[in-house]
Amino acid sequence: MSGVLKTLIVASRDHRRLSEIIAVASRFGLGATLLRLGLTPDGQIDAQTGEPATLAKRTRLALEELGPTFVKLGQIMATRSDLLPSDWIAELELLHSRAPMLSFETLRADVETALGEPPETAFAAFEPAPIAAASMAQVHRATLHDGTEVVLKIRRPGIRPQMEADLRLIVHLAHLAEANSAELRRFRPVEMVQQLAEAVLEELDFTSEGRNADRLRADFADEPRLVIPKIHWSWTSETVLVMDYVAGVPPRDRAALVAAGIEPRAIAALGADVVLDMVLINGRFHGDPHPGNLLCLPDNRIALLDLGLIGHVSPRRREEVIGFVQSLATADAAQLGEVLAMWSAGSGVPRDAVQTAADRLIVRHGSGAVQLSALVADMMPLLRDQGMTMPPDLLLMFKALITIDGVLQGIEPQFDLAAALHRASSRILMARLSPDHWGPLLQALAWEVAKIGDDAPRLVRAAIRRLDTAETAPLPIDPRPAIAAAARWIAVAILLGASIIGAATLLR
């Protein structure tokens, strides 16, 4: 009972929601899991529910019924193929937000507050009937006074307090899981919940999605074949997002694309190039490029929708990913072992076990042609067997790459992501040689060298005082050679700084 009492004390303000969670979990036969965490006494559990047999499916259905916060948690868990077996991943990837469409009158007060006036006057035309709905928002069409067709993504009323309550409870459950279960501790539930909280709070604020759209559009300003709907900031707020309406064909059916005059092969090549540039060059990528978030347009263009989930890849991580692919392409087990060791640094796995995993991957996949889907499908169980885990940002990146790989192979069976990776190598090289890449680095280096130059007079005075001290009080070791060397390095630094500043100026 102590776990129950502690939970009720911590979540006293959310006791009604906690009761709902326990009821739903018990209804889907998950009561035993709650009992192991100390969340409910024996008398509240009825595991004989008659629900679908597999635990994975019952968990997925329970998450869907619990609403958007738990759906998001399940989607994050679906990226953890380093921890969960394939049947769980397949089930969790089916998660979707189920929500009825609300009448616009239910939303009207919030929309008028966000717009500052009724939508009927803010827009030349507004359709009160929604065209799509999810658990967090629903979408309506409208027309601006200049004739531009737009859509309004409207946040459901009351969704923020509910999701914040869910987060408070989930945080507490995560701490209980780590404290009470060695098996669950390996999943790092607290770290996973921190990732969930960041994702939920960002998606609740629609201005974040608008900024994501603007950033991705700027990243691909020179690629007219990629369309990212324009955000109309005059009407956009935390609860309402207004953007251009885009009509197109989802990339689900090759025949539908051909009928619309769109070439599947060209779409596949463009989609791969765009995603690889996002991951390996720009360091900012669409976190969930499934068919519902992509549209194919005439002239073989692609539109990206639903930019609430954006992944980020640091420059260092990009180098690691490139090294990972190169080590497989060249069958270099030692280099692959180095990369895997960096990725699993917090797992506590011995280095020889990491190298064993790398050797096995090279034997199976180090043939020069990297088949990403097969590689990841093989790599994740191998990492689980060795007790290794991977950073969440990498798992989201691999999931995005595998998702787009599946989408593009569905419309172009001959599509080869390995060939797209090879094409991307030249763009990566050009990006590294560009002034945009080196300019900031040179400026930062010049700044550091300039600071050394600023310190030069002080260092020289200190050196003179040191020499004077050496004359009056001889030391066991003569400091003058070291001081002379330091003076030479100061001179070199000043000259180098001048050269770098000049080079940076030329590059700019």
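Counting non-hydrogen atoms of neighbouring residues, nucleotides and ligands closer than 6.0 angstrom, the CD atom of Q414 reaches no more than 12 such neighbours.
Within the 4.5 Å cutoff, the side chain of E164 has no heavy atoms near those of the Q162 side chain. You'll find the side chain of E238 reaches within 4.5 Å of the side chain of R160, heavy atoms only. The shortest distance between side-chain heavy atoms of P68 and I159 falls below 4.5 Å. Counting heavy atoms from C-beta on, the side chains of R156 and M136 never come closer than 4.5 Å. Residues I302 and R225 have side chains not in contact (no heavy-atom distance under 4.5 Å, counting atoms from C-beta outward). Side chains of L241 and I154 form no contact here, defined as non-hydrogen atoms less than 4.5 Å apart. Counting heavy atoms from C-beta on, the side chains of L304 and M278 come closer than 4.5 Å. Taking 4.5 Å as the limit, every side-chain heavy atom of V242 sits out of range of all side-chain heavy atoms of I231.
Scanning for side chain to side chain donor-acceptor pair (under 3.5 Å) contacts around D146 gives T148, with sequence neighbours left out. For T121, the side chain to side chain contact (heavy atoms under 4.5 Å, CB included) partners two or more places apart in sequence, or in a different chain, are E117, P118. With sequence neighbours excluded, no residue forms a salt bridge (charged side-chain N to carboxylate O under 4.0 Å, His left out) with R301. For E127, there are no side chain to side chain donor-acceptor pair (under 3.5 Å) partners two or more places apart in sequence or in a different chain. Residues passing the ring pair (Phe, Tyr, Trp, His ring centres under 6.0 Å) test with W235, sequence neighbours excluded: F123. Scanning for side chain to side chain contact (heavy atoms under 4.5 Å, CB included) contacts around A56 gives W88, E91, with sequence neighbours left out. Every residue two or more places apart in sequence or in another chain that forms a ring pair (Phe, Tyr, Trp, His ring centres under 6.0 Å) with F126 is listed here: F104, H140.
Comment: R316 does not engage E319 in a salt bridge, judged by the lack of any side-chain N to carboxylate O separation of less than 4.0 angstrom. The existence of a salt bridge linking E120 and R108 is confirmed by a sub-4.0 Å separation between a basic side-chain nitrogen and an acidic carboxylate oxygen. A salt bridge links D214 with R217: the distance from a Lys NZ or Arg NE/NH1/NH2 to an Asp or Glu carboxylate oxygen falls below 4.0 Å.
What you find for V274 and F220 is that their closest heavy atoms are O-CZ, 3.6 Å. Closest non-hydrogen pair, L95 versus L63, comes out as CD2-CB, 4.1 Å. Across all their heavy atoms, E112 and P119 have their closest contact at CG-CD, 4.1 Å. Heavy-atom minimum distance, L336 versus A358: CD2-O, 3.6 Å. The heavy-atom pair separating A341 from V354 by the smallest distance is N-CG1, 3.6 Å. Residues L107 and L102 share a closest heavy-atom pair of CD2-CD1, 4.0 Å.
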Side chain to side chain contact (heavy atoms under 4.5 Å, CB included) evaluation trace for Q335 with Q326: CA-CA 9 Å; Q335 183 184 10; Q326 288 175 339; 4.2 Å; yes
Run R155 and L204 through side chain to side chain contact (heavy atoms under 4.5 Å, CB included) and show every step you take. CA-CA 8 Å; R155 196 173 75 189; L204 276 173; 4.1 Å; yes
Worked verdict on E209 versus E203 for side chain to side chain contact (heavy atoms under 4.5 Å, CB included): CA-CA 7 Å; E209 181 174 346; E203 287 198 39; over 6 Å; no
Hey, mind stepping through R284 and D219 against salt bridge (Lys or Arg N to Asp or Glu O under 4.0 Å) and telling me if it holds? CA-CA 9 Å; R284 186 166 31 235; D219 288 343; 3.1 Å; yes
Please evaluate residues I322 and L280 with respect to the criterion side chain to side chain contact (heavy atoms under 4.5 Å, CB included), reporting the C-alpha separation (whole Å), side-chain torsions for both, the decisive distance (0.1 Å), and the verdict. CA-CA 8 Å; I322 293 170; L280 299 178; 4.2 Å; yes
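Here the CD1 atom belonging to I310 is positioned 4.5 Å from the CG atom belonging to N212, to the nearest 0.5 angstrom. Once rounded to the nearest 0.5 Å, the distance linking CG of L216 with CG of N282 reads 8.0 Å. Put simply, CH2 on W343 and CD on E338 are 13.0 Å apart, with the number rounded to the nearest 0.5 Å. Atoms CG and CG, on L73 and L66 in that order, are 10.0 Å from each other to the nearest 0.5 Å. In this structure, CG in L307 is found 11.5 Å from CZ in R215, a value given to the nearest 0.5 Å. Distance OG1/T59 to CG/L92: 7.5 Å, rounded to 0.5 Å.
Under the 3.5 Å distance criterion, the side-chain polar atoms of R141 are left unmatched by any main-chain donor or acceptor of V150. Looking only at distances, no side-chain donor or acceptor of S26 sits under 3.5 Å from a matching main-chain atom of A23.
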Using a 3.5 Å cut-off and no angle test, enumerate the donor-acceptor pairs between side-chain atoms of residues 248-263 and protein atoms at least two apart in sequence or in another chain.
unit_1, atom_1, unit_2, atom_2, d
D253, OD1, A255, N, 2.9
R254, NH1, I411, O, 2.7
R254, NH1, E412, OE1, 2.9

What donor-acceptor contacts under 3.5 angstrom involve side-chain atoms of residues 374-385, with partners at least two apart or in another chain?
unit_1, atom_1, unit_2, atom_2, d
D378, OD1, R364, NH1, 2.6
D378, OD2, R364, NH1, 3.0
D378, OD2, H365, NE2, 2.9
R384, NH1, S81, O, 2.5
R384, NH1, L84, O, 2.8

For residues 387-405, run the donor-acceptor check on the side chains, cut-off 3.5 Å, and write out each pair with its distance to 0.1 Å, sequence neighbours left out.
unit_1, atom_1, unit_2, atom_2, d
T389, OG1, R188, NH2, 3.2
T389, OG1, S347, OG, 2.9
D393, OD1, R317, NH2, 3.3
D393, OD2, R317, NE, 3.0
D393, OD2, R317, NH2, 3.4
T403, OG1, K399, O, 2.7
D405, OD1, Q409, NE2, 3.4
D405, OD2, S373, OG, 2.4

Report all side-chain donor-acceptor pairs from residues 285-299 shorter than 3.5 Å, counting only partners two or more places apart or in another chain.
unit_1, atom_1, unit_2, atom_2, d
H286, ND1, D288, N, 3.1
H286, NE2, L305, O, 2.8
H286, NE2, D306, O, 3.2
H290, ND1, G292, N, 2.9
H290, NE2, N293, ND2, 3.1
N293, ND2, D288, O, 2.8

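Sequence neighbours left out, the pairs with a member in residues 265-276 that pass side-chain hydrogen bond (donor to acceptor under 3.5 Å, both in side chains) are D273-R423.
A donor and an acceptor atom, one from each side chain of D332 and T330, are nowhere located under 3.5 Å apart.
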